[in-house]
Amino acid sequence: MKFADFILKDAVSAELQANNKPGVIREMIQALVNAGGIKKEDCEGIVNAIIKREELGSTGIGRGIAVPHTKHPNVEKIVGCVAVSSEGVDFESLDCEKVFLYFLLISPPDLPGEHLRAQEHLRALEHITRQLKDDTFCRFLKQAKTKEDILMLLDEADNNLFGK
Amino acid sequence: MDAVEKLTKELLVANRAGIHLRVASLIMQTALQFGNDTEITLRKGTYAADCRSILDILSLGASPNETVILEINGADSQKAMDALCELFAAKFYEDEICKGEHSEEQPQELTQELTQELTQELTQELILEHSESEDFP
């Protein structure tokens, strides 16, 4: 799986305005709504589901990275977006450092007999983390000033210019 | 101190959702219980993951019913092997604590307890682990 398979280009943001955890989640979900990735009527439910998931344990995994996510029955295919915060936000990350890079994922719920679909979330996580292990990719992404910068980096990552 | 010993074991990812973020956290949490002189590595195919790095573990993309190779080398090899084998054998406790369809949605009591412990125990070690090599402030 590549970024192009699940990242909605129109929902990518190079400058998050939010300065707190719920705000980041809400802003990214709103970007997905604006881009047509999820329905407006599902917005609040998905925001609440992601916040609830965060209460179980932060998806801020260190190195200035967070992967907030949830599953939602009204999503048929995994969809996600990327956002960068130049100032960083306290996301209650495992290393207690601010988070600058956000990869938000919404997956369909697991259904019996649909193992491949159920594994889309794992495949997306696998691709994201393999790229984020590359310090150059992380640094360039954090320095991105525009949506186009981010999209170019994601495209380059998809073409194996980063990662291991 | 125990003698340095390298141990290897093939483990089945037997839970329903594979090694997702919460499971990776549990593996990391377990690995961090042992000293840095004990190397703990998970391998899947050509990929190797340092079990003290959640990014590494997630990047394996280990799916349900796949096997991974656990390699441990160091003073606490046997204890670390026992602890991680127990975690895999218990399917990362998902069957016991997962009520609904969603593997990430465990009952709050247990998960919050785990999370609090994880956060407290790992914070200092994570900072130390990454302080020398990371570019982020």
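Within every chain, numbering begins at 1; the chains are lettered A, B, ... in the order of the sequence lines, protein sequences first and strands thereafter. Just the heavy atoms: all of them, side chains too, but no hydrogens, waters or symmetry mates, feed the values below.
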Contacting region of [X] [heavy-atom separation from chain A under 4.5 Å]:
X	result
B:Ile19	backbone
B:Ala62	backbone
B:Ile54	side chain

Run the ring-ring contact (aromatic ring centres under 6.0 Å, His included) check on A:Phe6 and A:Phe103 step by step: do they pass?
-> CA-CA 11 Å; A:Phe6 60 93; A:Phe103 289 78; 8.2 Å; no

Taking the six-membered ring of B:Tyr47, is the NZ or CZ of A:Arg130 close enough (under 6.0 Å from the centre) and on axis enough (within 45°)?
->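 The answer is yes, since A:Arg130 meets both limits relative to B:Tyr47.
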
In plain terms, say whether A:Lys21 and A:Glu92 are close enough for a salt bridge, that is, a side-chain N and a carboxylate O under 4.0 Å apart.
->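 Salt bridge: yes.
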
Of all residues at least two apart in sequence or in a different chain, which pass the side chain to side chain donor-acceptor pair (under 3.5 Å) check with A:Asn34?
->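 Applying side chain to side chain donor-acceptor pair (under 3.5 Å) to A:Asn34 gives A:Gln30.
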
